[in-house]
Amino acid sequence: AVSAALENLGTDTTYLCCVDAAGNACSFICSNFEAFGSGLVPEGCGFSLQNRGRNFVLREGHPNCLGPGKRPYHTIIPGMVTDGDDFYAAFGVMGGFMQPQGHTQVLFNL
């Protein structure tokens, strides 16, 4: 049953977080969204650039329109929690449009 479930998972998103002994932290998510993302690979880097900007809308007046002072809905959401100036946690979830809800679940269970 587990292997059948794994076969249905997408392979376009990778999330990782790490913290070193000095407390430096990284919360990183990379998602190509469709196939090979933009199809562009920066010379010498070995990875393709994402195309997640597709979820933005350029039609003026649309609630998800890209523009100054706007916060269009997006699903690339690496998370980090601090307490004042102190680092507390790095976290993230994969799952497209459920990420805001997934982050809320993680935060409520830290």
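Counting begins at 1 with the first residue of the sequence.
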Exercise for the section: Is it possible for you to say whether Val19 and Val106 belong to one hydrophobic cluster, with membership spreading through side-chain heavy-atom contacts below 4.5 Å? Expected result: no
Problem - Reported CG-to-SG distance for the pair Asn24 and Cys26, which is rounded to 0.5 angstrom - result: 10.5 Å
Handout entry: pair Phe91-Pro78: side-chain heavy atoms closer than 4.5 Å
Key = no
Handout entry: Heavy-atom side-chain contact between Cys18 and Phe28 under 4.5 Å
Key = no
Exercise for the section: Count the heavy atoms of every other residue, nucleotide or ligand shown that sit under 6.0 Å from CG of Asp20, and state whether that count exceeds 12. Expected result: yes
Problem - Min side-chain heavy-atom separation Leu66-Leu58 under 4.5 Å - result: yes
Exercise for the section: Report the distance from atom CD of Glu60 to atom SG of Cys65, rounding to the nearest 0.5 Å. Expected result: 6.5 Å
Exercise for the section: Give the C-alpha distance, both sets of side-chain angles, the deciding distance and a yes or no for side-chain contact (heavy atoms from CB on, under 4.5 Å) between Ile29 and Thr14. Expected result: CA-CA 6 Å; Ile29 192 164; Thr14 301; over 6 Å; no
Handout entry: Spatial distance of atom CG (Leu110) from atom CD (Gln105) [nearest 0.5 Å]
Key = 12.0 Å
Problem - Over 12 non-hydrogen atoms of neighbours within 6.0 angstrom of CZ in Phe87 - result: yes
Exercise for the section: May I ask whether Ile77 and Met80 are part of the same hydrophobic cluster, defined by side-chain heavy atoms of I, L, V, M, F, W, Y residues being less than 4.5 angstrom apart, directly or through others? Expected result: no
Problem - Shared hydrophobic cluster, Phe108 / Val81 (ILVMFWY, side-chain heavy atoms < 4.5 Å) - result: no
